[in-house]
There are 2 protein chains.
Amino acid sequence: MAKTYHHGDLHEQLLNAGELALSEMPVEQVSLREIARRAGVSHAAPKHHFPTLGHLLGEIAARGFRRFVAALDEAAKAAPTQTPEGRLKAMGRAYLHFAEHNAAAYQLMFGQRELMVMTPSLVTSSYAAWTQIVDAASSLVGPARGQAAALHIWSSVHGLSLLKLAGRVPPDLPWSNLEEQQMQMLMAGMSAE
Amino acid sequence: MAKTYHHGDLHEQLLNAGELALSEMPVEQVSLREIARRAGVSHAAPKHHFPTLGHLLGEIAARGFRRFVAALDEAAKAAPTQTPEGRLKAMGRAYLHFAEHNAAAYQLMFGQRELMVMTPSLVTSSYAAWTQIVDAASSLVGPARGQAAALHIWSSVHGLSLLKLAGRVPPDLPWSNLEEQQMQMLMAGMSAE
DNA sequence: TCCCTAATCTTGACAATGTAAAAATAATGA
DNA sequence: TCATTATTTTTACATTGTCAAGATTAGGGA
């Protein structure tokens, strides 16, 4: 089913336009009409490809999760010290880096945007991100404590990212040191017990 | 300057209506017109009390932070074991409880709502929340490491709250146990080193 | 080649939002 | 009492997401 009707795969172009918009403006400003505008079509054109804005955003978020998983995976493989802890630290740093440099996308992926629809591909791709962290955590603390440890990692890094994005980290704190300290405490908490 | 013009202190009533709305509907649906509607005035009436929706939301968030600080303070005072760790744990539990039972308010306070304005009272009340946690953390790990520890606590509990609110905590995990485990790892991470 | 059907896109409309300006109303102060 | 000022309402406008009706175009038979 090769698609080349009017615009040649508008479905794909809408996703691209959405991602581009998300990289250039805050998540709140990314509207259906804005995406359609960027794709060069009328404001109602997306209707036939995505029933609702929520579905379009859901697909964009799914793409984000795929990039996210890939970034963490790559970081783990490129970790300087190839131990469970070394890989986890590398993933943590990659996580913070991703959130900071893909702020709007990250906020869409994890945000409380009520209208975003849990598309099947969003479910699977976000679940893949979760299992990725569970696996990495399990290799450190064993499978029995894997999920709890993963939740702890995720909470910490997620919370830190959001506090930073929301500007709630006091600006007088030296960030570069802080990031390392946070990772340190995180690892210590899991290794203990 | 006793205020009893038309509605008898509409300023206050708008804040009340806003808080009530926030307790009855998701944060995304709380609009200027909705708050005005609940206060029984026209949609443009708030203009003379709050120049913009962002200012009104900012004041509501400030109130939320005051309730938040009070709740954590009370929890610390009522902690069963009056040690730095005991108080911190009680505060952590109170934090999670507040976030869960004031979901919309919490999401407003910490959310990435772009339009919310950092009102002076919001700055001071949110800073009060921060120093409250720094103080509690300092009493456990000493003032030198207080800020870093506070950030770690905040990140973890904040992240956990948001993951739960966003429905990203896998539902097959037993929450009651998890909450305790998370606190355990959190404390272990700070106490180490 | 022609034409019909179905997929795709545009146009126009509706209700809702935040904000601004103008008009109306009520309270204050002389 | 009355003019001034503070407060609220009424209109209006530019946005937004979604829907329904058209117009347009592509595809596959004849």
Side-chain angles (χ1 to χ4, degrees), chain A residues 1-18 21-22 24-61 104 107-108 111-119, chain B residues 1-18 21-22 24-61 104 107-108 111-119:
Chain A
M1 194 205 280
K3 316 166 184 172
T4 314
Y5 279 88
H6 294 63
H7 268 82
D9 208 354
L10 180 59
H11 186 94
E12 201 68 12
Q13 280 187 236
L14 285 172
L15 293 173
N16 293 337
L22 222 42
E24 290 178 350
M25 49 174 60
V27 62
E28 295 282 332
Q29 285 178 24
V30 176
S31 62
L32 211 187
R33 286 166 119 105
E34 170 66 25
I35 297 178
R37 225 173 281 136
R38 284 167 177 264
V41 295
S42 95
H43 62 269
K47 196 72 190 296
H48 279 257
H49 298 274
F50 303 95
T52 206
L53 171 63
H55 292 82
L56 176 48
L57 291 180
E59 289 300 314
I60 295 175
Q107 286 170 323
L108 172 67
Q112 66 268 18
R113 191 133 179 193
E114 202 60 47
L115 69 171
M116 194 173 76
V117 170
M118 270 291 166
T119 293
Chain B
M1 196 205 280
K3 316 165 184 172
T4 314
Y5 279 88
H6 294 64
H7 270 82
D9 208 354
L10 180 59
H11 185 96
E12 201 69 11
Q13 281 186 238
L14 285 172
L15 293 173
N16 293 339
L22 222 42
E24 290 178 351
M25 48 173 61
V27 62
E28 295 283 331
Q29 285 179 24
V30 176
S31 64
L32 211 184
R33 286 166 119 106
E34 171 65 25
I35 296 178
R37 222 173 284 135
R38 284 166 177 265
V41 294
S42 95
H43 62 269
K47 195 74 191 296
H48 279 257
H49 298 274
F50 303 95
T52 206
L53 171 63
H55 292 82
L56 175 48
L57 291 179
E59 288 302 315
I60 295 175
Q107 285 170 322
L108 173 67
Q112 67 267 18
R113 191 135 180 190
E114 201 60 48
L115 68 171
M116 194 173 77
V117 170
M118 269 293 166
T119 294

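Values below: all heavy atoms of this structure, side chains included; hydrogens, waters and symmetry mates excluded. Order of the sequence lines fixes the chain letters, A, B, ..., with proteins taken first and strands second; residue numbering starts at 1 for each chain.
Note on B:T52: a side-chain N or O is less than 4.0 Å away from OP1 or OP2 of C:dT19. Look at A:K47 and you'll find a side-chain N or O under 4.0 angstrom from OP1 or OP2 of D:dC19.
To the nearest angstrom, P of C:dA26 lies 16 Å from CG of B:L10. Between the NE2 atom of A:H55 and the C1' atom of D:dT18 there is a distance of 13 Å, given to the nearest Å. Taking atom CD of A:Q13 as the reference point, atom C1' of C:dC9 lies 13 Å away to the nearest angstrom. Regarding B:L14, its CG atom lies at a distance of 13 Å from the P atom of D:dT7, rounded to whole Å. Atoms CG (B:L53) and P (C:dG18) sit 5 Å apart, rounded to a whole Å. Distance, A:H49 NE2 to C:dA7 C1': 9 Å, rounded to whole Å. Atoms NE2 (A:H48) and P (D:dC19) sit 12 Å apart, rounded to a whole Å. Distance CZ (A:F50) to P (C:dC9): 11 Å, rounded to an integer number of Å.
Between A:G54 and B:S42, the residue anchored closer to the 5' end of DNA chain D is B:S42, taking for each the nucleotide with the nearest heavy atom.
Listed by residue number, the members of residues 28-37 of chain B with any heavy atom below 4.0 angstrom from DNA chain C are B:S31, B:L32, B:R33, B:R37.
When all heavy atoms of B:H55 and B:T119 are compared, the pair lying nearest together is O-OG1, 3.9 Å. Taking each heavy atom of A:A36 and A:H43 in turn, the nearest pair found is CB-CA, 4.0 Å. Contact detail for A:L22 and A:A104: the closest heavy-atom pair is O-CB, 2.9 Å. The two atoms that bring B:A21 and B:R38 nearest to each other are CB-NE, 3.5 Å, heavy atoms only. Nearest approach of B:L108 to B:L57, heavy atoms of both residues: CD2-O, 3.8 Å. Between A:G18 and A:I60, the closest heavy-atom pair is CA-CD1, 3.7 Å.
Residue side chain B:H43 reaches the base of D:dT11 through a donor-acceptor N/O pair under 3.5 Å, judged by distance alone.
To the nearest 0.5 Å, atom CG of residue B:L53 and atom CZ of residue B:R33 are 11.5 Å apart.
Which of D:dT9, D:dG17, C:dT10 sits closest to the side chain of B:V41 comes down to D:dT9.
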